[in-house]
Protein chains: 2
Amino acid sequence: MATTTVTRRRARTRQRLLDAALHTFAEEGFGRTTVEQVCERAGFTRGAFYSNFSSLDELFLALWEERSARMLDEVRAALADLDPDDPEAAVRAAVAAAPVDDAWYRITAEFTAHALRNPGLRRVMAAREAAIRDAVLPVLVAALERLGRRVPDERALGDALVAVHDGTAVQVLTQPDDDAVRARRQALFMNVLDVYSTPEDSA
Amino acid sequence: MATTTVTRRRARTRQRLLDAALHTFAEEGFGRTTVEQVCERAGFTRGAFYSNFSSLDELFLALWEERSARMLDEVRAALADLDPDDPEAAVRAAVAAAPVDDAWYRITAEFTAHALRNPGLRRVMAAREAAIRDAVLPVLVAALERLGRRVPDERALGDALVAVHDGTAVQVLTQPDDDAVRARRQALFMNVLDVYSTPEDSA
DNA sequence: CCGGTTCGATACACGAACGTATTCGATACG
DNA sequence: CGTATCGAATACGTTCGTGTATCGAACCGG
C-alpha cells in the first residue's frame, strides 16, 4: 500500500507530539499549554502540529482517548489472572492495575473539568468510565463468587468502586508520603466489596 | 478610621472581581481565563485588577480560600441542628450542606490539579480539606453515638466520607439527569457510616 | 468645603502565540 | 532512477493579552 510507509512517518511525529503534550499538560496544565510549547518539546515546528491536529483541543481528546484506552487494556490484563483464594491480593492487583499516577491524574482532572463544559465530551467521558467499570466488574464479581459471595446490585458496586478509586486518589496524591492514607484506601476498597456482596444463602 | 470607607470601595471592587472570576473560571477554565475577561465581566479595567491582585494565580487562590471557607461555615451551620433520631435525614442534610455544584466542582478540580504542581498550594489544600473533615466528623460521630453506635477509627471514617463525596460528585455531575446515580451516592454514604461504626457493645 | 490620599481609568509599548500560505525535502512507486 | 506526492519547515501578518506608568476623580479627615 502506497500510504503505508508515508503513514509511518506521520504516525511517528503524531506520537511524539502526543508524548510531548502529555508532559507539557502535566507540568503546565492544559489551559496554560501552548501549541508552541508542545512543538518545542517534541522537536517539531508548528507546521508539523497543524498538519496533524487542527487544535490543541483535538490533541487533548486524542491523548486522553489513547491513554485511557491503554489503561483499560492494562486493567483487563491485570485482572485476567487473579488469585481466586486471596481476595486481598486480588484487590491489591486490581488497584495496582489502575495506578494513581500523578501526571495522569492531573490531566484527567482537567479533562473532567473540561468535559463538564462540553456535552459532547461529557458523553465521551461517561462512556469511557462505563467501559472501565464494565470491564472490571464481571471479574470482581466472579472472584467474589468463588469466595462464596453474591453481588446483588452490580451497578451499585461498580459505581461505588469507581467513586472510591477517584476519591481516594486525590488523598493519596496530596499526601504522597503518608502510608496510612494508602492503607485506609485499601481498607475502604475491601469494605466496599464486603458491603456490596452477601454470603451465599441470600440467593 | 480613615481607611474605613476607602477600604469599602476597595473591598467592593475586589468582591466583584472575585465573583466575575468565579464565573469566568467555571465557563472557560482557569488556564484559559485572561485578566481581561474577568475585568470585562466585572465591569472594571485591568488597572483595577492589578491594583487589587498581582496576578491571576493570586486571585485564584484568594477565590478558592474565600469560597471553601464559606462552604465550611455552611457545613458547620447545617450540621449544628441535626435530627438525632433520623440518621437518613442527618446524612441528607450533611450531603446537602456540601452540595455538588457544577461550577464550583470544575474550579476545585482545576485547583486540585494546579495544587498538585505546587507544593505550597498542595499544603494549603490539604489543610483546608482536613479542616472540613474535622468540622464534619465530630458532629457525625456524636449523631452516631446518639444512635448507639461507636466510631472506632474516626480518621478512617473521615477520609472515607471525603473520598466518597468527591468520587461520587463526578458521577452525579456527568449524569445529571440520572436519579439512580444520586440514590446510589446516598446509599454509599449510609453504607460507609454503617461500616465504620459498631454497635454499643464493642466498646 | 478643602487638601490629601487612594484607587480605578487611560494610554502605551512590548511580547507571545496564532493560523496560513508557501517552500523544500524526503519517501514511495513505477 | 526519475518523478509525483506527502508532510514537515519556513515565513508572514495579525491578533490578543500583558504589565506599567501616568492621569484624574472619588472620597476621606479636618
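Quick caveat: nothing in here was measured; it's all calculated off a predicted structure. Throughout, a chain's letter reflects where its sequence line sits, starting with A, and its residues are numbered from 1.
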Does the distance from a Lys or Arg side-chain N to an Asp or Glu carboxylate O, for [X] and [Y], drop under 4.0 Å?
X        : Y        : result
B:Arg41  : B:Glu27  : yes
A:Asp159 : B:Arg185 : no
A:Asp102 : A:Arg106 : yes

Query raised in the report: So which of residues 17-42 of chain A are in contact with DNA chain C, with a heavy-atom cut-off of under 4.0 Å?
Result: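 Nucleic-acid contacts, sorted: A:Thr34, A:Val35, A:Glu36.
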Report task. Strictly below 4.0 Å, heavy-atom distances to any atom of DNA chain C: list the hits from residues 54-61 of chain B, or just say none. Result ->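 DNA chain C contact set from residues 54-61 of chain B: none.
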Query raised in the report: Under 3.5 Å, is there a donor-acceptor pair between the side chain of A:Arg117 and the main chain of B:Ala26?
Result: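 Looks like yes, one N/O pair under 3.5 Å.
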Does [X] place a side-chain N or O at less than 4.0 Å from the phosphate oxygens OP1/OP2 of [N]?
X       : N      : value
B:Arg9  : D:dC27 : no
A:Ser51 : D:dA8  : yes
B:Asn52 : C:dG8  : yes

Query raised in the report: So, for A:Phe60 and A:Phe111, is the gap between ring centers shorter than 6.0 Å?
Result: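 Judged by ring-centre distance (under 6.0 Å), A:Phe60 and A:Phe111 do meet the cut-off.
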Report task. Show your reasoning for whether salt bridge (charged side-chain N to carboxylate O under 4.0 Å, His left out) applies to A:Asp73 and A:Arg70. Result -> CA-CA 5 Å; A:Asp73 286 347; A:Arg70 197 194 319 173; over 6 Å; no
**Report entry** Candidate pair B:Gln37 and B:Thr33, rule side chain to side chain donor-acceptor pair (under 3.5 Å), full reasoning
**Finding:** CA-CA 7 Å; B:Gln37 285 173 313; B:Thr33 296; 4.5 Å; no
Query - A:Phe53 CZ to D:dG7 P, straight-line distance once rounded to whole Å - result: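 Spelled out: CZ on A:Phe53 to P on D:dG7 is 13 Å.
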Please list, pair by pair, any protein nitrogen or oxygen found under 3.5 Å from a nitrogen or oxygen in nucleotides 9-11 of chain C.
unit_1	atom_1	unit_2	atom_2	d
C:dA9	OP2	B:Thr45	N	3.0
C:dA9	OP2	B:Thr45	OG1	2.8

Query raised in the report: Closest to the B:Thr13 side chain: C:dC18, C:dG8, D:dT18?
Result: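 For B:Thr13, the side-chain atoms sit closest to C:dG8.
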